[in-house]
Each structure stands twice: as structure tokens, then as C-alpha cells.
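Each remark here refers to the structure printed beneath this line.
Within every chain, numbering begins at 1; the chains are lettered A, B, ... in the order of the sequence lines, protein sequences first and strands thereafter.
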There are 2 protein chains.
Amino acid sequence: MGLTKTEIFSDQQNRIADLAKAFAHPARVAILQVLIAKKACVCGDLVDELPLAQPTVSQHLKELKRIGIIKGEIDPPRVCYCINETVWEEARQTFGTLLDSFVPATCC
Amino acid sequence: MGLTKTEIFSDQQNRIADLAKAFAHPARVAILQVLIAKKACVCGDLVDELPLAQPTVSQHLKELKRIGIIKGEIDPPRVCYCINETVWEEARQTFGTLLDSFVPATCC
DNA sequence: TTTATTAATCGCAATATTACGATAGAAAAA
DNA sequence: TTTTTCTATCGTAATATTGCGATTAATAAA
């Protein structure tokens with residue numbers, strides 16, 4: 001089917017999954033790392049930094065914007081992208097809480 | 001194409017992406033949460049806990065095993081799944097480091 | 001106005017993912 | 001041995017994702 005049954009999971013579970021998608025592709029990881037490294041926001045130099053075609057980069061940027069973890073400021077003819085501090089913090093909290101919720105115990 | 005060009009990204013970037021995939025689907029988030037909640041490892045009750053068919057759950061478990069974040073001990077006819085402490089810690093470190101690497105600055 | 005520059009979008013092709021019914025396999029229980 | 005129980009795998013269908021060439025849109029520059 002390829003259709004995730006989002007309606008049968010909690011909002012929290014769906015949000016975690018969405019936030020994780022921001023990091024679930026190496027190109028998006030690379031994009032985020034570049035945005036972090038260049039403290040100021042990088043514009044279309046992203047295309048130069050990455051071994052991907054411009055439309056492909058643009059598509060990943062769109063996905064990251066959909067998730068909310070980056071934002072783009074239009075400064076024609078360029079667009080300036082940067083990390084969305086609020087959502088980044090949400091991700092930090094979310095994954096922090098989730099990853100800290102496991103307490104090792106004797107198991108299998 | 002649908003084919004991620006893994007070879008053009010670093011091992012680190014590919015590993016981050018893979019670890020993120022463990023959390024990038026609400027069903028897998030749910031599975032991991034169940035495994036954490038039942039301190040001991042849960043067997044096939046996962047199917048009862050989740051609103052998904054048994055083959056679907058099995059497929060998600062396979063993906064989680066591929067990533068390494070869970071392990072399954074065969075105890076016929078059951079299989080006992082649990083969090084792989086080592087890989088979970090790797091994820092904690094990985095996402096911790098990544099998410100802490102962003103320092104807010106004046107931007108767009 | 002014409003020409004660059006930059007980035008989004010369209011359209012397509014290829015592959016991946018998600019889901020599940022049906023089936024198979026493996027071992028315990030009857 | 002037959003049956004039951006549990007889980008993996010197969011096969012299939014539907015949708016999603018990834019990637020890119022070509023095009024478009026928007027603005028600045030010439």
C-alpha cells in the first residue's frame with residue numbers, strides 16, 4: 001500500500017515520525033549540517049556544497065520546511081535558509097525524552 | 001529515481017539517516033515504546049498492542065533489526081524482542097551530539 | 001526591454017516503503 | 001503423528017520517495 005495509517009497512531013507518535021524524517025535521509029542530514037556550520041544562513045550555495053542537482057536539493061528543502069525544522073526567507077532572487085530554532089528545540093526535547101526513556105534491564 | 005545515493009554521503013551521514021529511520025514511522029515508534037514500557041521484552045503481544053496485521057508488524061521488526069536497534073531472541077515458537085542497549089546508546093549519542101551542535105544565532 | 005541569476009515546480013522514471021492475505025516453517029502440545 | 005501456536009516470508013497492490021532534465025517565475029542587472 002505504501003500508505004502509512006497515520007490516523008491509527010497518536011499525534012505524538014506521528015510527530016516523532018515526522019521529526020525523524022528530517023534526519024532519515026543523508027542528503028537532508030547534509031543540508032542541516034551545512035546550515036549549522038555556516039552560522040549565518042546559507043542560500044543556494046547548498047547546491048554547490050552537495051553532489052545533487054538543484055531540483056533535488058530544492059525538494060529536500062521543501063520537505064524540511066514542511067516538517068518545520070528549517071525556514072526560508074525570500075531575498076530575491078535568492079532564498080535564505082536557516083534552522084528554525086523553535087522546531088529544532090522541539091526535536092531536541094522530543095528525541096531527548098524518547099531516548100532517555102529506555103532504562104536498560106535484564107532482558108533476552 | 002527512489003534510489004538514495006548513499007555512496008556520495010559520508011558513513012556518518014548514512015548512519016544518522018539509518019538510525020533516524022527507526023523513528024521515522026509511527027508504527028516503529030509505537031513498537032519501540034511498547035518494548036520500553038514492558039521492561040522485560042515483549043514477544044508477539046506486539047501484534048495485539050498494535051492495530052496492524054501480523055506480517056506488517058513482522059516487517060517493521062525486521063527493519064528495526066536491520067538497523068540494529070532491537071534484537072530478537074528465539075524461544076520457540078515465540079521470539080522475544082528487546083531494545084539493543086548498545087545501539088540505543090549509539091542513537092542517544094548520535095542524536096544528542098547532532099541536536100546539540102546547533103547554536104542559535106541571528107539569522108534570516 | 002533584454003538578459004542574467006536564482007530557486008521553485010512540472011513531469012517523468014526508477015526504486016522504496018507500507019500493508020496485508022496466504023503460505024510456510026519450526027517447535028510444543030495433544 | 002496430528003494439531004496447535006507463533007512468526008517469518010512470499011506475493012501482490014498501492015502509495016511514497018528520490019532524482020533530475022526541462023521549464024517557469026520572479027527579480028535584478030545591463
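Atom-to-atom, NZ of A/K65 to C1' of C/dA8 comes out at 8 Å; the value is rounded to the nearest Å. Rounding to whole angstrom units, CD1 of residue A/I8 and P of C/dC20 are separated by 7 Å. Taking atom CD of residue B/E63 and atom C1' of nucleotide C/dA16, one finds them 10 Å apart after rounding to whole Å. The separation between B/D18 atom CG and C/dA16 atom P is 13 Å, rounded to whole Å. Distance, A/D48 CG to C/dT6 C1': 11 Å, rounded to whole Å. As rounded to whole Å, 18 Å separates atom P of D/dA16 from atom NZ of B/K21. Protein atom CZ of A/R66 is 12 Å distant from nucleotide atom C1' of D/dT17, rounded to whole Å. The distance between atom CD1 of A/I74 and atom P of D/dA28, rounded to the nearest whole Å, is 12 Å.
If you take CD on B/Q13 and CG on A/L32, they are separated by 10.5 Å, rounding to the nearest 0.5 Å. With rounding to the nearest 0.5 Å, the separation of CH2 in A/W88 from CD1 in A/I70 is 10.5 Å.
Of all nucleotides listed (D/dA8, D/dG19, C/dA7), D/dA8 comes nearest to the side chain of B/S58. The side chain of B/P55 lies closest to C/dC20 when the candidates are D/dC20, D/dT17, C/dC20. Side-chain proximity of B/T56 to C/dA8, D/dT7, C/dA19: nearest is C/dA19. Considering only the side chain of A/R78, C/dT6 comes nearest among C/dT6, D/dC6, D/dA8.
Looking at every heavy atom in both residues, A/G72 comes nearest to A/K65 through N-CD, 4.4 Å. A/K21 approaches B/A24 most closely through the heavy-atom pair CE-O, 3.5 Å.
A/L52 comes within 4.0 angstrom of sugar-phosphate atoms only, judged by non-hydrogen atoms across all strands, and of no base. Residue A/Q59 is in base contact, counting any heavy-atom pair closer than 4.0 Å across all strands shown.
At the phosphate of D/dT17, neither OP1 nor OP2 sits under 4.0 Å from any side-chain N or O atom of A/H60. Between B/R28 and the phosphate of C/dT18, there is a side-chain N or O to OP1/OP2 separation shorter than 4.0 Å.
Between B/H25 and B/H60, the ring planes are tilted. Angles from 30° to 60° get that label.
A donor-acceptor contact under 3.5 Å is formed by the side chain of B/Q54 with the base of D/dA8.
For the pair A/H25 and A/P77, nearest-nucleotide mapping onto DNA chain D gives the more 5' position to A/H25.
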